[in-house]
A.B. asks: 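The structure under discussion is supplied below as structure tokens; questions concerning it will follow.
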Amino acid sequence: MSVQNQTMSIETKKHELDTLFKPKSIAIIGASSKELSIGNVIIKNLVHFNYTGKIYPINPKEPEIRGIKAYSTIFEVPDDIDLAHVIIPSKFVPQIIEDCGKKGIKSVIINSAGFSEMGDEGMALQEAFLQNAKKYGVRIFGPNCQGIINCDPEYNAYCDFTFTFPNPGSISIVALSGGVGAFIMQSLFDLNIGMRMYASNGNACDISISEVIKYYGQDDGTKAIILYTEGFHKPLEFLNTAKLVARKKPILAMKSGRTEAGAKAAASHTGALAGIDISTELIFEKTGVLSFTNEEEMCQAAMAFSTQPIPKGNKVGIITNTGGPAVIATDELVNSGLEIPAISAKAEEILKNTLLPEATIGNPIDVVATGGGVHFRSALDVLMNESQIDSIFINFVTAPFTDTDEVARNIVEVNQLKKKPIICNFMTNMSFERFQKTAKILQDGGVPCYSFPTTAAKALGALYKFHKIQNREIGFPQLFRDIDKNTVKEIIENSAINEFMSSEKVFSILKAYNIPIADWGIASNIDTAHEIASKISYPVVVKAEASDIIHKSDKGGVAVNIKNQAELISTIENMKNNFDNSALKFLIQKFEPGGKELIIGVTSNGDLGHLIMFGMGGIYVEILKDVVFKLSPVTQVEAEEMLSTIKSSKLLDGVRGQQGIDKKRVIEIIERISQLVTDFPQIKEMDLNPVMAFSDRAIAVDARIKL
Ligand code: ADP
Ligand code: MG
């Protein structure tokens, strides 16, 4: 390879966001000598954090700021500039971005506010600077944001006006809200967890959270990512990013705030049940992002991810020197799907010979409060060598009559093998210098220590969850070929939008996708009704059919188990009187009694495609609310998960002498529905409610579609 080629290949390895996260020189446009201004604090922070690159304060009046030579414009700076902070009134920003472009600056952090968050005028300014940025290939971070931090000692780039100065480590944070980002950073600092990179991008008009996550994903120094967001401007972009990153590197995420998007008043069940914006959670689930609802738990879990390997399974060995906390921990471990198996006879034999006579041998191993370093060590070695143990949970109370430092040193030695994850619930009184020292040994040795058994157990639970994510193969959506797309296309082309289709159209669509439906026919008078009923054979069901009748049974529009012509006639007469609608027709359907009533529904979700819903159906669906959602397209594995995760999943297996349902058929219907709405994104809402599920088949008896 020629020298030139070599440089080329190194060059292409560079990432577009390197000038943002790894700047070799930074200009502060709007640098200020006023102590309490952002244009001053940023310079102060860069210096305080020992930034390794060059700092160029830009200020038209001052010759120097904080002792650093200032320039009146960026054009006077004799060097190249990688990154610029912009801290000037918003109206000047479009021009400054143009200047940055001309100077060859590739990344700009706009700290200033006064853009899209400020209505039309601000929006226009934002669009103006974005246009200039595009012209020159300048990437914009913000506006209305804090900035970035890179703790890699090669850079020490503190391009932010916050006040926490983290130690270098392996957790990278990205947060939409600067306030939340800053307190997460502070929490990690308080927990003594080192940080790698930080980004809080405010309005996120150009560089997105997804791009930052992708960047962290490629950064070797980042072991785990913390994400805080209130939703995504471009959910599809995030879905695709998370698909790439989340299974390789843990993404610990928290989403708060609920948008109105999902809360559209919907006449169909699925729309009403989806209600709030659940799509972000569904993306997390689909892609394997670890979702938290509590920011403290998320930070506590990050401590485990930053220091520990991922367990290879769910079997935990517990070492304790006190009884009760081990019981609490066990409850929480089991809640998280972990197991505490018996240890081997060989292991018991070793422990009998090495532990104190009053020790309890088994799992948990109780080394008792008088147990010292050698006893902990023996228990640790035994568990490390037990092939069926995947992780170790330690309950360590600093009994005053033991050499707690010695215990800590032994834990650290084993921890540094990094063979299996170790989590420590460390119970002590930190006002004693002696125990502070013990704590420091553990901390410096990379042992994640918690002060509550439940918190510690949850952190181990999170590690295990990531193991499951890495091993979950959701597969690919099945493509059924025995379908008739053209028929559906034709029906859809000839249907009005925002209206429920007639049953005739709906059933024809289902039939075209080979979704089983109860035999049916439409009649406008008694004679044809009887003809249809005879053809499909009594008993039948009669349903009132008209464009304005949506929930038929509410209005007496469903009559089941009609056994003969006489009953059919009186039913139809009744309905005619009842509805007083000259356009009223009658859906005559095969009576299919005795099945479990299920619902399979769909609601569209903009860019993201559709949400697919499954649950217990029938007329009580809104009361029971026993439904789960997935993002389309749904794979077989996901459809199976839907059946097994509803609250009443056991009912599907059959209880108290009842037969279970034919799950395979139901799963297939979910997959076919998923294919239908993927093929026809125009479908806005759809419900099959109920699908009657029997032990050997599943069949839809009622369905609605709206475009
Ligand atoms: P709607 O949802 O408009 O009220 P459905 O067609 O879903 O009307 O019927 C309401 C209920 O009637 C169903 O939940 C089911 O219990 C029963 N039902 C409807 N059609 C049939 C059928 N073909 N066989 C057996 N039961 C049925
Ligand atoms: Mg119904």
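Whatever order the structure lists them in is the order used to number ligands and atoms, beginning at 1. Each residue takes its place number in the sequence, starting with 1.
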A.B. asks: Heavy-atom contacts with M692 under 4.0 Å: which atoms of ligand 1 show up? List them by number with element.
C.D. replies: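 Numbered from 1, ligand 1 contributes 15 (C), 25 (C), 26 (N), 27 (C).
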A.B. asks: Whether K706 engages the ring of F500 as a cation-pi pair (distance to the six-membered ring centre under 6.0 angstrom, angle to the ring normal within 45°) should be assessed.
C.D. replies: yes
A.B. asks: I'd like the atom name of the N/O/S atom in D702 lying closest to the Mg ion (ligand 2).
C.D. replies: OD2
A.B. asks: Using a 4.0 Å cut-off to any heavy atom of F591, which atoms of ligand 1 qualify?
C.D. replies: 24 (N), 25 (C)
A.B. asks: Looking at every non-hydrogen atom in both residues, tell me the closest pair between D696 and R665 and how far apart they are.
C.D. replies: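 Scanning both residues, the minimum pair turns out to be O-CG, 4.5 Å.
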A.B. asks: Check the orientation of F680 and Y513. Use parallel for under 30°, tilted for 30 to 60°, and perpendicular for over 60°.
C.D. replies: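 Perpendicular: the ring planes of F680 and Y513 meet at over 60°.
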A.B. asks: Measure across N494 and K505 and return the closest heavy-atom pair with its distance rounded to 0.1 Å.
C.D. replies: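 For N494 versus K505, the nearest heavy atoms are O-NZ, 3.1 Å.
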A.B. asks: Which atoms from ligand 1 have a heavy atom of R704 less than 4.0 Å away?
C.D. replies: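 Near R704, meaning under 4.0 Å from one of its heavy atoms, ligand 1 has 2 (O), 3 (O).
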A.B. asks: With atoms numbered from 1 as shown, which atoms in ligand 1 lie under 4.0 angstrom from a non-hydrogen atom of N689?
C.D. replies: 7 (O)
A.B. asks: So does N689 have any N/O/S atom less than 2.8 Å away from the Mg ion (ligand 2)?
C.D. replies: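 An N, O or S atom of N689 is closer than 2.8 Å to the Mg ion (ligand 2), so yes.
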A.B. asks: Please determine if E668 and R672 form a salt bridge, counting it only when a charged side-chain N lies under 4.0 Å from a carboxylate O.
C.D. replies: yes
A.B. asks: Tell me which part of H551 gets within contact of ligand 1: side chain, backbone, both or neither, using heavy atoms under 4.0 Å.
C.D. replies: backbone
A.B. asks: Under a 4.0 Å heavy-atom limit, does K543 contact ligand 1 with its side chain, its backbone, both, or neither?
C.D. replies: side chain
A.B. asks: Could you name the option among I599, I699, V542, V558 that has the heavy atom nearest to atom 9 (O) of ligand 1?
C.D. replies: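 Answer by nearest heavy atom: V558.
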A.B. asks: Should you measure from each heavy atom of D702, which atoms of ligand 1 turn up under 4.0 Å away?
C.D. replies: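 Per the distance check, 1 (P), 2 (O), 3 (O), 5 (P), 6 (O), 7 (O), 8 (O).
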A.B. asks: Would D687 count as a contact for the Mg ion (ligand 2), in the sense that one of its N, O or S atoms lies under 2.8 Å from it?
C.D. replies: no
A.B. asks: If you compare all heavy atoms of I225 against all heavy atoms of I213, which two are closest, and at what distance to 0.1 Å?
C.D. replies: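 For I225 versus I213, the nearest heavy atoms are CD1-O, 4.1 Å.
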A.B. asks: Tell me, please, which residues at least two apart from F292 pass ring pair (Phe, Tyr, Trp, His ring centres under 6.0 Å).
C.D. replies: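 Listed in chain order: nothing, the list is empty.
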A.B. asks: Report the part of A518 (side chain from C-beta onward, or backbone N, CA, C, O) that has a heavy atom under 4.0 Å from ligand 1; answer both or neither where that applies.
C.D. replies: neither
A.B. asks: Check Q565 against Y538 and note the closest heavy-atom contact, atom names and distance.
C.D. replies: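 Looking at all heavy atoms of both residues, the closest pair is CA-OH, 3.5 Å.
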A.B. asks: Please enumerate all residues that pass ring pair (Phe, Tyr, Trp, His ring centres under 6.0 Å) together with Y216, with sequence neighbours excluded.
C.D. replies: F21
A.B. asks: What atoms in ligand 1 come closer than 4.0 Å to a heavy atom of Q589?
C.D. replies: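 Those qualifying, in numeric order: 20 (N), 22 (C), 23 (N).
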A.B. asks: Measuring from non-hydrogen atoms of P690 to any atom of ligand 1, is the shortest distance under 4.0 Å?
C.D. replies: yes
